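No experiment lies behind these values; they were computed from the predicted model shown. Just follow the structure's listing: the first ligand is 1, and inside any ligand the first atom is 1.
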Amino acid sequence: MPEASLKKIGVLTSGGDSPGMNAAIRAVVRACAYYQIKCVGVRMGYEGLIQNQMSELGARSVKHIINRGGTFLQTARSKEFRTKEGREKAFKNLQNNGIEGLVVIGGDGSFTGATVFHEEFGLPFIGIPGTIDNDIFGTDYTIGYDTALNTAIEAIDRIRDSATSHNRVFFVEVMGRDAGFIALSSGIASGAQDILIPEENDSLTELFETLQKSEQSGKNSSIVVVAEGEELGNVFELAKATEKRFPGYDVRVTVLGHIQRGGNPTCMDRVLASRLGVAAVEALIDGKTDLMAGLRSNRIVFTPIQDAIKKHNEIDQELIKIAKILAV
Ligand code: F6P
């Protein structure tokens, strides 16, 4: 094995946690051990860089975490890192610890922080997409998305039991502040009557038509999956409008919330995290920087970080069509 010129790197998780982040940290740490590079775990994201909360992680220090949700390094959205003074402190600490490169596991906000840092101090970094929202350009899947989907459909299946028992209409809110990926896939997988996402121009008229058609076709209950960021209104507003339009309907609302962020990662998320973790370390060894490691058509690809931050994955129109056809 050729000896890497890089001697020490840091790894941190930043922004919202997602299931599989631990598997990604483990992969980074173990890849470093394999290539004989020292690896330092930074606590609480960028906050830990500023507060100098870092400790060396060996291969054994990440045992028994591949199956655990959350991030054992913890995560934060650091206000101080947004200031020049905060970033200067962070860089001094990195220098004092001899850290020559960084792996940042998080979403686009986390990548923006790393980019600014790189521009100011030249520290090489590679991003790994970790968010349940699946809204990062440059990868087909983000770490945590698959687990969140499985959590969502398990919950919606349970809601369906109750909905069918009472002949009710349920509005179920799933996460996705700006994106409808969780809503669209979990809605199709749980047989939703309608799926409302911010990327589509939804209207109350269409929603009411769909509900009416479903009633006319003999359905006694319906589930409408709504993304958190839906522009037509939140689940409570939509439920209220529906009750007003159909006074005979028995309408209920469930907000799935943060249960979608927790839990043991699925096999898919663990494998994805393992692949991206190793790829990120290898990229740093190869002298690459300002890139995000992702997966496209089951192959590792690297995307310029500016594209990962600024561009957006498009909603698959085929899925929109399928959802409509299957709700007949
Ligand atoms: O960015 C991921 C996400 O899960 C969004 O879908 C959601 O709006 C947000 O995090 C919630 O963040 P917080 O945990 O800070 O409330």
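Classification of the Phe181-Tyr145 ring pair by plane angle, with boundaries at 30° and 60°, yields perpendicular. Ring orientation note: the planes of Phe91 and Phe121 are close to parallel, at an angle under 30° on the 30°/60° scale.
In this structure, Phe111 has its ring center no closer than 6.0 Å to that of Phe125. A centroid separation of 6.0 Å or more is found between the aromatic rings of Phe236 and Phe171.
Atom 16 (O) of ligand 1 has His258 NE2, 3.4 Å as its closest protein atom, hydrogens excluded (heavy atom only). The nearest protein atom to atom 9 (C) of ligand 1, hydrogens excluded, is given as Arg261 NH1, 3.7 Å; this is a heavy-atom distance. Here the protein heavy atom with the shortest distance to atom 15 (O) of ligand 1 is Arg77 NH1, 2.5 Å.
With a 4.0 Å heavy-atom cut-off, ligand 1 is reached by the side chain of Glu228 but not by its N, CA, C or O.
The shortest separation from a heavy atom of Gln260 to ligand 1 is not under 4.0 Å, leaving the residue out of contact.
Distances from atom 2 (C) of ligand 1 to the heavy atoms of Asp17, Asp178, Asp133, Asp108 put Asp133 nearest.
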Exercise. Can you check salt bridge (Lys or Arg N to Asp or Glu O under 4.0 Å) on Arg87 and Glu80, steps first, answer last?
Worked result: CA-CA 8 Å; Arg87 292 193 294 275; Glu80 204 181 341; over 6 Å; no

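The atoms of ligand 1 that sit less than 4.0 Å from any heavy atom of Met175 are 4 (O), 6 (O).
Tested against Val11, the residues Val103, Val104, Ile99 include a single side-chain contact (heavy atoms from CB on, under 4.5 Å) partner, Val103.
The shortest N or O to N or O distance between Gly176 and ligand 1 is under 3.5 Å.
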